[in-house]
Amino acid sequence: MQTVSVKSTFATTRVAATRASRASVRVYAADRTLWLPGATAPKHLDGKMAGDFGFDPLGLGTDPERLKWYAEAEKTNGRWAMAACAGILFTEVLGKPKWFEAGAEEYWMPNNALLAVEAVIMGFLELKRYQGWKDSGVSGFINAFPFDPAGMNSPDMAVKEVKNGRLAMVAFVGFAVAALVTRQGPIEALSSHLASPFENNIIGSIANLPNVIGK
């Protein structure tokens, strides 16, 4: 009788734990923010990664190892995009040459030599970043993984970084398209639009495209 009682108690406890686990999963799924209200997240996107809102229509992240690499690649490209957008806006405010024409300018050393120096430095930094990420699984700089001199590393800040990185990547594409169709920097293009919104807009820019191509 005692053995039966113990088995019954164990079974009851296990059922209760299973129900509690299922309930917590349901609550987690209900509380989770997805890229589209009512959407169903793929099984491989469980919400544990920073910036995971259940968006993977092509199923690129089904391989767990590839998913880690894609997340790191997105974060790295987002950081470059944030730096690029800030640099483009800052130099335009200072009245420097347009960002898409900067490569034709003369600098303190010949362009070919400058390009060679940049290739060596960036190659070294990217190699160290990749090696550190492979060893530690986190982003860093040279031999510091993670790299957090300001002490801001937290789950909340990680999500904000991914969101801002995604926004910056979209913004950079907008800068590039605007440069192609208007031959203007982002601030100049915005000023032109505000000065004459019915003439300087996306429709007017497309219509004027034959006049700017080749300039």
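In this text, all values refer to a predicted model and were calculated from it rather than measured experimentally.
- Residue Asn112 qualifies as open at atom CG: its count of foreign heavy atoms under 6.0 Å is 12 or below.
- Shown here are the side chain to side chain contact (heavy atoms under 4.5 Å, CB included) partners of Asp148, two or more places apart in sequence or in another chain: Met152, Asn153.
- Rounding to the nearest 0.5 Å gives a distance of 6.0 Å between CG of Leu45 and CG of Leu67.
- Between Leu194 atom CG and Leu190 atom CG the span is 4.5 Å, to the nearest 0.5 Å.
- Inter-residue side-chain proximity for Phe175 and Phe100 is flagged as unmet; no heavy-atom pair is nearer than 4.5 Å.
- Note that the CG atom of Asp52 and the CH2 atom of Trp35 stand 13.0 Å from one another [nearest 0.5 Å].
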For this session: List the steps, then state whether side-chain contact (heavy atoms from CB on, under 4.5 Å) holds for Glu105 with Lys96.
Result: CA-CA 11 Å; Glu105 296 293 317; Lys96 300 295 183 179; over 6 Å; no
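- Taking each heavy atom of His44 and Gly61 in turn, the nearest pair found is CD2-O, 3.2 Å.
- Taking CD1 of Ile88 as the start and NZ of Lys98 as the end, the distance is 13.5 Å to the nearest 0.5 Å.
- Closest approach of Pro146 to Val138, counting heavy atoms only: N-CG2, 3.8 Å.
- For the atom pair Asn200 CG and Gln184 CD, the distance stands at 7.0 Å (nearest 0.5 Å).
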Exercise. side-chain contact (heavy atoms from CB on, under 4.5 Å) between Phe90 and Leu94: does it pass, once the steps are laid out?
Worked result: CA-CA 6 Å; Phe90 182 69; Leu94 293 181; 3.4 Å; yes
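- A side-chain donor-acceptor contact under 3.5 Å links Asn201 to the backbone of Phe198.
- If you take CG on Leu58 and CZ on Phe55, they are separated by 7.5 Å, rounding to the nearest 0.5 Å.
- The cluster map of Ile, Leu, Val, Met, Phe, Trp and Tyr, joined by side-chain heavy atoms under 4.5 Å apart, puts Leu125 and Leu114 in the same cluster.
- When the shell of 6.0 Å around CH2 of Trp80 is examined, it contains 12 or fewer heavy atoms from other residues, nucleotides or ligands.
- Judged purely by atom type and a 3.5 angstrom limit, Lys68 has no side-chain atom pairing as donor or acceptor with the backbone of Gly137.
- Under the 4.5 Å side-chain heavy-atom criterion for ILVMFWY residues, a single connected hydrophobic cluster contains both Leu36 and Phe53.
- Pro186 and Glu92 make their closest contact through CD-OE1, 3.1 Å (heavy atoms, listed as atom of the first residue, atom of the second, distance).
- In the hydrophobic clustering of ILVMFWY residues, with side-chain heavy atoms under 4.5 Å counting as a link, Met122 and Val117 come out together.
- Counting heavy atoms from C-beta on, the side chains of Phe145 and Gln131 never come closer than 4.5 Å.
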For this session: Could you please spell out the steps behind the side-chain contact (heavy atoms from CB on, under 4.5 Å) verdict for Lys128 and Asn143?
Result: CA-CA 7 Å; Lys128 296 295 290 184; Asn143 293 321; 3.1 Å; yes
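- For Glu74, the side chain to side chain contact (heavy atoms under 4.5 Å, CB included) partners two or more places apart in sequence, or in a different chain, are Val162, Arg166, Met169.
- Of all non-hydrogen atoms in Gly78 and Ala168, the two that sit nearest each other are O-CB, 4.4 Å.
- Put simply, the side chain of Tyr70 reaches to within 4.5 Å of the side chain of Leu60, judged on heavy atoms.
- Ring pair Trp99/Phe172 is tilted by interplanar angle, where 30° to 60° counts as tilted.
- Glu72 and Arg129 are joined by a salt bridge, as a carboxylate oxygen and a charged side-chain nitrogen come within less than 4.0 angstrom of each other.
- Closest approach of Ala41 and Gly54 over heavy atoms only: CB-CA, 3.8 Å.
- The side-chain heavy atoms of Val120 and Phe124, taken from C-beta on, include no pair separated by under 4.5 Å.
- Closest approach of Gly103 and Asn111 over heavy atoms only: O-ND2, 3.5 Å.
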Exercise. So Leu89 and Ile187, side-chain contact (heavy atoms from CB on, under 4.5 Å) or not? Walk me through it.
Worked result: CA-CA 7 Å; Leu89 295 172; Ile187 297 178; 3.9 Å; yes
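- Classified by interplanar angle (parallel below 30°, tilted 30° to 60°, perpendicular above 60°), the ring pair Phe141/Phe147 is tilted.
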